[in-house]
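Structure, as structure tokens:
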Amino acid sequence: MSTSTSPRPIQLETVRPDDNDAITQAFELGCQFKARLGMQMRGAYEQAAGDGHLLVARQDGRVIAFALYGTAYQRVRLAYLCVSTEHRRGGIAAMFVEHLSTKHHDLAGISVKCRQDYGIDKLWIDLGFHKRSQVRGRSHTGHLLDVWWRDHGHPDLFSRQDSASAASRPGQQHHP
């Protein structure tokens, strides 16, 4: 007789500044992937937790993924999105992005920079991002980074300009 076990639930939570265990586990997970994420500074994780900007996904009390972000200039800037190897392709990245979009729906959107040579464009597209531009990274090698954007649908300078130019097209009546 075989028994099947159902997948254990994954809890997404904002890390409290006093939750040293979650901060440590997120930092250690980031260190495992420092070749992709870059140099890891524990202080950045502590600061993010203090600001309410460190999210973790836990399964059985263990941190299996994290998102570290900031908010400025009317946008969310996603600095790190890291999922443990064994939990990838399980929808955790989507959980983080949806959570951020819901929590910060009042901001214009979410931006993230990702090295071009990682080959994960499909991930960002599947998460609702579109490629906006490219910039040179700050590493000594200066890798090219793609700048991805997930829009929250608020009017911006360009949408206002589009509306204004549509209203002033030839053939329409203008009243002084």
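The residues of the chain are indexed from 1 along the displayed sequence.
In this structure, CG on L55 lies 10.0 Å from CE on M95, to the nearest 0.5 angstrom. Separating the NZ atom in K131 from the CH2 atom in W124 is a distance of 12.5 Å, to the nearest 0.5 Å. Rounded to the nearest 0.5 Å, atoms CG (L127) and CD1 (I120) are 9.0 Å apart. To the nearest 0.5 Å, atoms NE2 (H154) and CG (L107) are separated by 7.0 Å. The CG atom of D146 lies 4.0 Å from the CD atom of Q116; values are rounded to the nearest 0.5 Å.
No cation-pi contact links R150 to F96, judged by a cut-off of 6.0 Å to the six-membered ring centre and 45° from its axis.
Side-chain N or O atoms of H143 include none that pairs as donor or acceptor with a backbone N or O of R115 at under 3.5 Å. Distance alone, capped at 3.5 Å, places no donor-acceptor pair between the Y45 side chain and the L54 backbone. Distance alone, capped at 3.5 Å, places no donor-acceptor pair between the H87 side chain and the I92 backbone. Of the possible donor and acceptor atoms, one in the side chain of Q59 sits under 3.5 Å from a partner among the backbone N and O of R8.
Under the 4.5 Å side-chain criterion, counting only non-hydrogen atoms from C-beta, V15 is in contact with I23. Between V112 and Y69 the shortest side-chain heavy-atom distance does not fall below 4.5 Å. Taking 4.5 Å as the limit, some side-chain heavy atom of W148 sits within range of a side-chain heavy atom of D121. Contact check for L100 versus T102: no side-chain heavy atoms found under the 4.5 Å cut-off. Within the 4.5 Å cutoff, the side chain of V56 has heavy atoms near those of the E13 side chain. Between F66 and Q25 there is no side-chain heavy-atom pair separated by less than 4.5 Å.
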Intermediate values then yes/no, side-chain contact (heavy atoms from CB on, under 4.5 Å), V83 and R89: CA-CA 9 Å; V83 179; R89 301 189 188 279; over 6 Å; no
Step-by-step salt bridge (charged side-chain N to carboxylate O under 4.0 Å, His left out) determination, E86 to R62: CA-CA 13 Å; E86 62 270 18; R62 187 173 65 97; 3.7 Å; yes
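Contact detail for A93 and L123: the closest heavy-atom pair is CB-CD1, 4.4 Å. Here the closest heavy-atom approach between residue M41 and residue F27 is recorded as C-CE1, 3.8 Å. When all heavy atoms are compared, the tightest approach of A22 to R58 is CB-NH2, 3.1 Å. In plain terms, the two heavy atoms of T14 and G52 that are nearest each other are CG2-O, 3.6 Å.
The hydrophobic clustering, which links ILVMFWY residues whose side-chain heavy atoms are closer than 4.5 Å, places I64 and L37 apart. With hydrophobic clusters built from ILVMFWY side chains whose heavy atoms lie under 4.5 angstrom apart, Y118 shares a cluster with V97. Linking ILVMFWY residues whenever their side-chain heavy atoms come closer than 4.5 Å, directly or via other members, places L68 and V63 in the same cluster.
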Side chains of residues 70-82: which donor-acceptor partners sit under 3.5 Å, not counting sequence neighbours?
| from | atom 1 | to | atom 2 | distance (Å) |
| --- | --- | --- | --- | --- |
| R75 | NH1 | S111 | OG | 2.8 |
| Y80 | OH | Q40 | NE2 | 3.4 |

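For the pair R16 and E46, the salt-bridge criterion is not met [side-chain N within less than 4.0 Å of a carboxylate O].
The other members of the hydrophobic cluster of L145, by chain and number, are V135, V147 (side-chain heavy atoms under 4.5 Å, ILVMFWY only).
Donor-acceptor pairing under 3.5 Å is recorded for the side chains of D151 and W149.
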